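Hydrogens, waters and symmetry mates are skipped; everything else that's a heavy atom, side chains included, is used. On a predicted model such as this, the values are computed, not experimentally measured, just so you know. Within every chain, numbering begins at 1; the chains are lettered A, B, ... in the order of the sequence lines, protein sequences first and strands thereafter.
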Amino acid sequence: MYLDKLFSLEGKVAIVTGGGNGIGKASAIMLAKAGASVAVSDLKLDDAKKVTDEIIEAGGKALAAECNVTEDAHLVSLVDETMKKFGRINFLVNNAGGGGGGKENPFKITVSDFEWRFKLNVFSAWRLSQLCVPHMKKDGTGSIVNISSMSSIMASHNMSAYGSAKAAMNQMTKYLAMDFGPEVRVNAVGPGAIKTDALASVLSPEMEKEMLKGTPLNRLGHPDDIAGAVLYFCSPASQWVSGQILFVNGGGIQSLE
Amino acid sequence: MEIISERLLKHPFSLEGNTTVITGAGGAIGGTTARIFANAGSNVVVSDLNLETANATAEEINKLHPGKAIAVKTDVTKSEDQKILVETVLKKFGKITTLINNVGWGEYTPLLGISKEYMMKSYELNTVSTYELSSLFAPYLKKEQNASILFSGSRVGDTPSPEFLSYSNAKAALFNMIRSMAVAMGPEIRVNMVMIGSVDNGAATLDAGYTQEMLDRLNNSMVMKRRGYPEDIAYAFLYLAAPAARWITGIHLYADGGGTYKSKMPTDD
């Protein structure tokens with residue numbers, strides 16, 4: 001009862017981008033369990049719908065939205081749709097993103113590919129924040145959680161576009177915390193390697209062992225490990241915490257190199 | 001190692017079945033943390049140099065949650081007291097799940113002219129004692145699920161703080177301690193630190209040399225426009241001790257009201 005109250009999001013409304021799978025899905029479900037109505041946006045409407053079906057089946061409130069976060073019109077309509085259905089916005093989880101994977105050879109990646117990674121990982125989060133914060137301020141309380149990455153602080157081969165985009169996201173988090181406070185808090189979570197269904201399907205036991213060589217907690221992450229941090233940053237329990245980048249990574253770096 | 005899905009847990013922030021030892025728990029932050037941990041389901045051991053305040057905190061908790069709290073008088077710089085603390089915890093509750101090294105003390109010291117004796121005393125209290133207690137409790141922590149050691153860090157350990165040199169240096173040492181311990185004590189024990197911003201500790205804040213005018217300036221310079229409540233820090237400890245944080249180790253989390261718009265703490269210059 002005490003904890004339910006401390007971490008309650010009852011009567012509040014959240015938007016989770018990239019909410020159809022993995023970390024986004026776990027976060028959407030965790031926020032819904034804590035009482036929030038959740039707008040689950042995803043590039044694939046079917047994936048978003050599966051998540052909202054699960055939330056609604058469990059007695060929660062949700063809406064599914066098809067959204068390409070690199071399209072400004074999609075972001076505007078995501079916010080409009082959420083306001084129309086739920087009447088307010090309190091939380092924004094900027095989870096949609098992508099790139100990396102060692103596919104960013106600096107001699108092969110094009111300027112437009114590099115730009116696209118910034119558009120997908122940084123500009124989308126900034127623009128959606130700009131659209132949501134007036135609604136949050138109007139409601140008197142708000143929290144933005146940006147899903148960053150360990151790539152934002154480590155270095156490895158052929159990930160310079162994704163890594164620097166995520167580093168930009170960290171710094172944007174700190175600046176926006178100053179701009180949007182005290183009503184709206186802005187924090188980021190930097191996940192290590194999370195054993196999502198997508199990763200699990202290509203991971204051999206040998207590869208997993210190799211990845212865990214430098215990880216004190218000796219396992220890969222679970223999407224709920226990140227969702228737990230997202231709930232903490234949205235809940236009243238973190239009311240005096242803003243501008244933070246929290247690395248949830250088992251204490252180390254999981255790498256195949 | 002087993003991965004427990006949140007869906008299988010009663011509550012991602014429940015401390016049901018845990019036993020938590022908190023040093024310096026007669027004070028504002030430690031005492032509030034003890035109350036909140038008990039509310040979240042944990043047994044709590046309220047350790048403090050001042051048995052009177054420790055007893056008061058434990059009694060208050062036991063009124064709400066009978067049998068959940070005990071008070072122990074501990075001078076954390078004395079090995080004899082450290083041993084008594086460990087023995088008392090094991091005798092009363094049979095185990096320890098979380099150790100919160102919260103004890104610490106700092107005060108205004110002029111940059112030049114701090115005696116060697118004073119520097120060593122500060123280091124002994126703020127740094128060495130936490131190492132010793134962590135070492136003593138580690139074998140018992142290792143036996144428990146989701147065990148962790150938490151530290152009270154301070155903003156002054158991370159920013160130039162010439163007005164608190166003896167204290168800020170001792171707190172700065174904890175940065176390496178938590179990371180080294182996280183590597184050596186994993187996967188059984190997680191080790192993390194809460195970086196505590198300026199919290200309203202009541203009388204203790206004024207004792208540390210702040211004037212009301214300095215405090216007003218401080219409040220206004222903060223992003224959240226206020227100093228922290230002890231609860232704000234206790235909640236951060238709660239999160240880091242809870243199942244929700246079970247893949248977090250070796251990190252320091254700032255609970256500091258979003259920081260300040262100025263890089264330097266206001267002083268009476």
Taking the side chain as everything from C-beta on, heavy atoms only, tell me whether B:Val199 gets closer than 4.5 Å to A:Trp240.
yes
Say whether, by atom type as modelled, one donor and one acceptor occur between the side chain of B:Trp247 and the main chain of A:Arg219 under 3.5 angstrom.
yes
Crowding at CZ, B:Arg179 (>12 non-hydrogen neighbours, <6.0 Å):
no
Correct closest heavy-atom pair for A:Pro216 and B:Ala182 would be CB-O, 3.3 Å
Should the heavy atoms of other residues, nucleotides or ligands under 6.0 Å from NZ of A:Lys50 be counted, would the total exceed 12?
no
Identify which of B:Leu15, B:Ile233, B:Ile36 forms the greatest number of heavy-atom pairs closer than 4.5 Å to chain A.
B:Ile36
If you count heavy atoms of other groups shown closer than 6.0 angstrom to NZ of A:Lys213, is the number above 12?
no
Nearest non-hydrogen partners of B:Met224 and A:Ser242, listed with the distance
SD-CB, 4.2 Å
Rounded at 0.5 Å granularity, tell me how far CG in A:Asp4 sits from NE2 in B:His11.
4.5 Å
Can you check whether A:Leu6 reaches B:Leu238 side chain to side chain, under 4.5 Å on heavy atoms?
yes
At what distance, to the nearest 0.5 angstrom, does CD1 of B:Ile248 lie from CG of A:Leu246?
4.5 Å
Heavy-atom distance under 4.5 Å between the side chains of B:Pro12 and A:Lys33, does that happen here?
no
Only pairs of heavy atoms separated by less than 4.5 Å count here; which of B:Gly258, B:Gly186, B:Gly257, B:Ala234 has the most with chain A?
B:Gly257
Among the options A:Ala237, A:Ala227, A:Gly251, pick out the one with the most heavy-atom pairs lying under 4.5 Å from chain B.
A:Ala237
Counting heavy-atom pairs closer than 4.5 Å to chain A, which one of B:Gly41, B:Ala40, B:Ala184 comes out on top?
B:Ala40
Please look at B:Ala255 and chain A and tell me whether the side chain, the backbone, both or neither of the residue comes under 4.5 angstrom of a heavy atom of that chain.
both
Interface residue of largest heavy-atom contact number with chain A, from B:Glu231, B:Arg226, B:Arg190, under 4.5 Å
B:Arg226
Atom OH of B:Tyr229 with >12 non-hydrogen neighbours under 6.0 angstrom
no
Which bit of A:Tyr232 comes within less than 4.5 Å of chain B, counting heavy atoms only: side chain, backbone, both or neither?
both
Are any non-hydrogen side-chain atoms of A:Leu217 and B:Arg246 less than 4.5 angstrom apart?
no
Count the heavy atoms belonging to other residues, nucleotides or ligands that lie under 6.0 Å from NZ of A:Lys137, then report whether that count exceeds 12.
yes
Mind checking the OG-CZ spacing from A:Ser235 to B:Phe13? Nearest 0.5 Å is all I need.
6.0 Å
Applying a strict 4.5 Å limit to non-hydrogen atoms, the region of A:Gln239 in contact with chain B is both
